[in-house]
Amino acid sequence: GAVVSQHPSWVICKSGTSVKIECRSLDFQATTMFWYRQFPKQSLMLMATSNEGSKATYEQGVEKDKFLINHASLTLSTLTVTSAHPEDSSFYICSARSSYEQYFGPGTRLTVT
Amino acid sequence: EDQVTQSPEALRLQEGESSSLNCSYTVSGLRGLFWYRQDPGKGPEFLFTLYSAGEEKEKERLKATLTKKESFLHITAPKPEDSATYLCAVHLTGNQFYFGTGTSLTVIP
């Protein structure tokens, strides 16, 4: 199957700083990528849909100015958590669509202290 | 309102004890239903896509089936390494993608 990578796999940052997470489709081009957030023992919550070359579409309740998404190429999307606070600590997962199936990255564990 | 419900929330099986996980959905315009496996601290791993009622797909000890209202993931003679959370998701004609809350499966040796 198709491979999606994320970097970093885990990050610890101080409150008030910004963190960038990269999502790459390694062996296919993805016009659409998705960013999810997952809390412990809960299912994935879609945050935004990222389309290459255009602005991301955010789900209701997700702050656009806090979670900046850039999809500059067909293989790379980035999520920047700006001015992070402890409540932003979570597991962030990206996915990329290949024709019809959707493949997920391994996730990034963000801890804000 | 579009809804995806998985049951049971948690399931404990003895090694070799076959069982089924359920994913029921109430949606408008189903394009496809997906099954994923998720291990702790990792992203979901794609298992199957089902597109129409009556369709079945198999992979090793897993078989997924689909009706107009639900999907089953059958696990035959499970092994401890099958322990994981199994997620189903529906893809709708409006391009929405909704996940169920998952079934946490534990297989005891």
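Just so we're on the same page: letters track the sequence lines, and every chain starts at 1.
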Engineer: Verify whether one side chain among A/T108 and A/Q6 offers a donor that lies under 3.5 Å from an acceptor in the other.
Structural biologist: yes

Engineer: Between A/E22 and A/R24, does any NZ, NE, NH1 or NH2 come within less than 4.0 Å of an OD or OE carboxylate oxygen?
Structural biologist: yes

Engineer: Measure distances from A/Q38 to the heavy atoms of chain B and classify the residue's part below 4.5 Å as side chain, backbone, both or neither.
Structural biologist: side chain

Engineer: What option among A/S9, A/G107, A/P106 has the most heavy-atom pairs under 4.5 Å with chain B?
Structural biologist: A/P106

Engineer: If you count heavy-atom pairs under 4.5 Å between each of A/S95, A/C94, A/S43 and chain B, which one has the most?
Structural biologist: A/S43

Engineer: Select one option (side chain, backbone, both, neither) describing which atoms of B/Y36 are under 4.5 Å from chain A's heavy atoms.
Structural biologist: side chain

Engineer: Any donor and acceptor pair, going by atom type alone, linking the side chain of B/H74 with main-chain N or O of B/K63 inside 3.5 Å?
Structural biologist: no

Engineer: Taking side chain as everything from C-beta outward and backbone as N, CA, C, O, which of these in B/E9 sits under 4.5 Å from a heavy atom of chain A? Side chain, backbone, both or neither.
Structural biologist: neither

Engineer: Can you tell me how far apart OG1 (B/T101) and CG (A/L44) are? Round to the nearest 0.5 Å.
Structural biologist: 11.5 Å

Engineer: Say whether, by atom type as modelled, one donor and one acceptor occur between the side chain of B/S71 and the main chain of B/T65 under 3.5 angstrom.
Structural biologist: yes

Engineer: Please state whether the side chain, the backbone, both or neither of A/Y36 comes within less than 4.5 Å of a heavy atom of chain B.
Structural biologist: side chain

Engineer: For the backbone of A/D65 and the side chain of A/T82, can you confirm whether one donor and one acceptor N or O come within less than 3.5 Å of each other?
Structural biologist: yes

Engineer: Which residue out of A/W10, A/F91, A/F104, A/F34 racks up the most heavy-atom pairs below 4.5 Å with chain B?
Structural biologist: A/F104

